[in-house]
S.K.: 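Have a look at this one.
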Amino acid sequence: MARPTPLSGFPEWLTDGRVVEQYVLDTLRRTFELHGFAGIETRAVEPLDQLLRKGETSKEVYVLRRLQEDADGEPAVDRSEKQLGLHFDLTVPFARYVLENAGRLAFPFKRYQIQKVWRGERPQDGRFREFVQADIDVVGAGELPYHYEVELPLAMAEALGALRDVGVPEVRILVNNRKVAEGFYRGLGLDDVEGVLRQVDKLDKIGPDAVAELLRAEQGATPEQAKGCLELAAISGEDVAVVERVRALAASYDAVTELLETGLGELAALIEAAARRAPGVVVADLKIARGLDYYTGSVYETVLVGHEQLGSICSGGRYDTLASDGKNTYPGVGLSIGVSRLVSRLLSAGLVTATRGVPTAVLVAVTDEAHRDRSDAVAAALRARGVPADVAPTAAKFGKQIKFADRRGIPFVWFPGQAEEDGTVGPDQVKDIRSGDQVDADAASWAPPAEDLFPRVVPAAAE
RNA sequence: GUGGCUAUAGCUCAGUCGGUAGAGCGCCUGGUUGUGGUCCAGGAGGUCGCCGGUUCAAGCCCGGUUAGCCACCCCA
C-alpha cells in the first residue's frame, strides 16, 4: 500500500504535540471545575433537523449514512426526519440536552463540555474540519440573570490566563452587545440588522469605504446611515467611557432607542466589572458582530495578542431562545474555545513545547538477554514508586541504548550492576544523559528530580 | 461551493536551453572490543502526485485528474 497522506483539515499531532494539547485540556478543565461547571459529554450525532436550526450552516454538516443502506428502502421524506448529522458545535447539542433533561437538571445549570466537532469547510491555517471545542455555558429556567454575561467571559479569561506561564500569549476578549447594535441601527432607520452586522463584520478585512459601499448597495443605507454605522464600529475601549461615546453618537444621529439604552446599561456593567476583576483583558469593541443569529445580548470574541490574524480562538454570547420547547424557555450564555486552533498555533509558531514526547523518565538498559529479568525488576521497582520506566528493546551496545533514550527525550538511563570476575555484582548506576553524570543508585529508593518525573509543557523559548 | 498558487528522497528544497536525478538535514554502518551527542569515512533511500498527449527524447512543454496551501464564504 502506498504511504498514506494526511487528510487536510483533520489534524493529528505527534506525541510531543499531544502532550501540549493534553496540558491545555487539563488546564481548561481544572479552571472550569474551579468555577463550578459540571462536565458532560453528548453524543456525536444529532437529528439533522435539530442541527439545521442554526441557520445558514446546513452546508457544513456531515451527514451519517450506513454503507449498507438501501436506496429504495424507505421514502425520502421519512428518512430526512431520521437523518443524523455530526454536530458542528457544542451549543446546539447542549440546548437539546437541556430540553431533554430539563426535569432532572437544577437551574441555573452550569456545564462544561470538551469534545470534537465537525464542519465540512475548506480547511486553512487554523481552520479544520474536525476539531476540539471546550465550552462553558450556563442556562436558566425561564430567565437568566444578567451577571452571568459578566462572569462567563471572566471565567474564560482565567482559563486562558492559566496557560500564560507555559508560553501562551495574552488574550483580549472583545465584547459587544446585540441590543446596542440593533438599537442603534434601528434608531438610525436601518431594519436589516442582520445584514448590517454582516457587512460591519468585514471591516477589518475590506476597510471602511468598502463596507460603506456594501451597506449602500446591499442594505439600502443612505450615506448618512452608513457613516453612522462606521462611526459606531470605530468605537472601542477598556473603560465605561465607551458607553458615553456611543450614547453621544446615537444622540447626534437622533438614534437613541429604548433597546439601545438597555444594551448600553448591560455593556457598562460588563466593562465595569471586567476592568475591576481582570484589568486589560476585556475590551468593548462595537464592531464585533458575530454571524450567528441566535445571540440576543452580549457577544464575545477572543484573540491571541500578536496573532490577531488567526481569528477568534474563543467566542460566544447570550442566547434567549435557543433552548425552548414552546412552553418553557431556557436562556443561556456561553463561550467556546477552539482548542485545536489554539494548539495548532502554539505548536506551529513554536510558542509552547513539551520537554519530551514520551512519559518515560528512565530507560533501563539490558546487559544481555539472559539478564533481561534484572532490568525488568528495576523497571518494576521504579514504577511501583511512581517513576515512569521502560526497558530497552534489545541488548544492543550501550551506546545504542543511550541513543534510544536520547531520541525520545528520556532523561535517564539505568545500568544494572555487572557481575565481577569474583562473582560479586557491582552496584546499579543511573546516568543523566543530558549532563553525562552517572552515579550509583538503588531502584528501591532513587527518584529523578521532580521536574523530570513527567513530561512538562514549557515556553518554547526556554528550551 | 468559487478563485489563485503548488506537487522532486523521511524533512526543507535545488534541478539552467527538453538530453537517463541533486544538496542540506535526518537515517544506517564503521572508526570506538558494552556509554550516545562532536568529528572522520562509507552506505541505504526517488514510478519526479496520478493519467494521457507532444517529441528521437519529458522532472521540465500541453490537457486532464487528485491532493496540498492561500484567499473568498463562513467560522473555533
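These numbers were taken from a predicted model, which means no experiment stands behind them. A, B, ... follow the sequence lines: proteins, then strands. Residue 1 opens every chain.
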S.K.: Determine the Euclidean distance between corresponding P atoms of B:G1 and B:C61; express it in Å to zero decimal places.
M.R.: 29 Å
S.K.: Is A:Phe131 stacked on the base of B:A76 when the test is centres under 5.5 angstrom and planes under 30 degrees?
M.R.: yes
S.K.: Think A:Arg198 has a side-chain N or O under 4.0 angstrom from the OP1 or OP2 of B:C74?
M.R.: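 Indeed, a polar side-chain atom of A:Arg198 lies that close.
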S.K.: What contact category does A:Gln401 fall into here, base, sugar-phosphate, or nothing, at under 4.0 angstrom with non-hydrogen atoms?
M.R.: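 If one applies the 4.0 Å heavy-atom cut-off, A:Gln401 turns out to touch a base.
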S.K.: Tell me yes or no: between the side chains of A:Gln113 and A:Asp135, is some donor less than 3.5 Å from an acceptor?
M.R.: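 Judged by distance alone, the side chains do not pair up.
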S.K.: Could you please name the option among B:G1, B:C73, B:G36 that lies closest to any side-chain atom of A:Lys202?
M.R.: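 My answer, after comparing the listed nucleotides, is B:C73.
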S.K.: Hey, does A:Val303 reach any base, or is it just sugar-phosphate, or nothing, if we go heavy atoms under 4.0 Å?
M.R.: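 Nothing: the residue A:Val303, judged by heavy atoms under 4.0 Å, touches no strand.
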S.K.: In whole angstrom, give me the gap between the P atoms of B:A23 and B:U2.
M.R.: 43 Å
S.K.: Checking all strands, does A:Arg345 fall into the base, sugar-phosphate, or nothing category for heavy-atom contacts under 4.0 angstrom?
M.R.: nothing
S.K.: For a quick check of understanding: with a heavy-atom distance under 4.0 Å over all strands, which category does A:Ile313 fall into, base, sugar-phosphate or nothing?
M.R.: sugar-phosphate
S.K.: What distance, rounded to whole Å, do you find between the two P atoms, one in B:U35 and one in B:U29?
M.R.: 15 Å
S.K.: Tell me what A:Lys116 touches on the nucleic acid: a base, only sugar-phosphate, or nothing, going by heavy atoms under 4.0 Å.
M.R.: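 No contact.
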S.K.: Touch check for A:Gly311, heavy atoms < 4.0 angstrom, all strands: base, sugar-phosphate only, or nothing?
M.R.: nothing
S.K.: Counting just side-chain N and O atoms, does A:Ser8 come under 4.0 Å of either OP1 or OP2 of B:C69?
M.R.: yes
S.K.: Using the closest heavy atom to pick a nucleotide of RNA chain B for each, name whichever of A:Arg407 or A:Leu7 lands nearer the 5' end.
M.R.: A:Arg407
S.K.: When all nucleic acid strands are considered with a 4.0 Å heavy-atom cut-off, which category describes A:Phe128: base, sugar-phosphate, or nothing?
M.R.: base
S.K.: Which whole number of Å gives the distance between the P atom of B:U6 and that of B:G43?
M.R.: 37 Å
S.K.: Considering only B:A76, B:C72, B:U35, which nucleotide approaches the side chain of A:Phe415 most closely?
M.R.: B:U35
S.K.: Cation-pi check for A:Tyr148 against A:Arg318: NZ or CZ below 6.0 Å from the six-membered ring centre and within 45 degrees of the axis, yes or no?
M.R.: no
S.K.: Given the P atoms of B:C74 and B:G15, what is the spacing between them in whole Å?
M.R.: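 That atom pair is separated by 40 Å.
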S.K.: Regarding A:Asp437 and A:Lys431, does a basic nitrogen lie under 4.0 Å from an acidic carboxylate oxygen?
M.R.: no
S.K.: Please tell me which of the listed nucleotides, B:C70, B:C27, B:C75, lies nearest to the side chain of A:Asp125?
M.R.: B:C70
S.K.: Would you kindly give the CG-to-C1' distance between A:Leu174 and B:A76, to the nearest whole Å?
M.R.: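 Those two atoms, CG and C1', are 15 Å apart.
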S.K.: Which nucleotide wins on minimum distance to the side chain of A:Phe398, given the candidates B:C74, B:C28, B:U35?
M.R.: B:U35
S.K.: So A:Val180 and A:Leu286, do their side chains get closer than 4.5 Å, heavy atoms only?
M.R.: yes
S.K.: Any donor and acceptor pair, going by atom type alone, linking the side chain of A:His87 with main-chain N or O of A:Lys116 inside 3.5 Å?
M.R.: yes
S.K.: So what does A:Ala396 hit on the nucleic acid, given a heavy-atom distance under 4.0 Å: a base, only sugar-phosphate, or nothing?
M.R.: base
S.K.: Has A:Lys397 got a side-chain N or O lying under 4.0 Å from the OP1 or OP2 atom of B:U29?
M.R.: no
S.K.: Which value, in whole Å, describes the distance between the C1' atoms of nucleotides B:G46 and B:A9?
M.R.: 6 Å
S.K.: Please say whether the positively charged group of A:Arg119, taken as NZ for Lys or CZ for Arg, lies over the ring of A:Phe128, i.e. under 6.0 angstrom from the six-membered ring centre and within 45 degrees of the axis.
M.R.: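 Because its charged atom misses either the 6.0 Å distance or the 45° angle limit, A:Arg119 does not stack over A:Phe128.
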S.K.: OP1 or OP2 of B:U29 versus the side-chain N and O atoms of A:Lys400: is any pair under 4.0 Å?
M.R.: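 The answer is yes; a side-chain N or O of A:Lys400 sits under 4.0 Å from OP1 or OP2.
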S.K.: Considering only the P atoms, how many Å lie between B:G68 and B:C11, rounded to the nearest integer?
M.R.: 15 Å
S.K.: Please report the distance separating the C1' of B:G22 from the corresponding atom of B:U16, rounded so that it comes out in whole Å.
M.R.: 14 Å
S.K.: Reckon A:Gln124 has a side-chain N or O less than 4.0 Å from the OP1 or OP2 of B:A71?
M.R.: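 So the side-chain polar atoms of A:Gln124 do come within 4.0 Å of the phosphate oxygens OP1 or OP2 of B:A71, strictly under.
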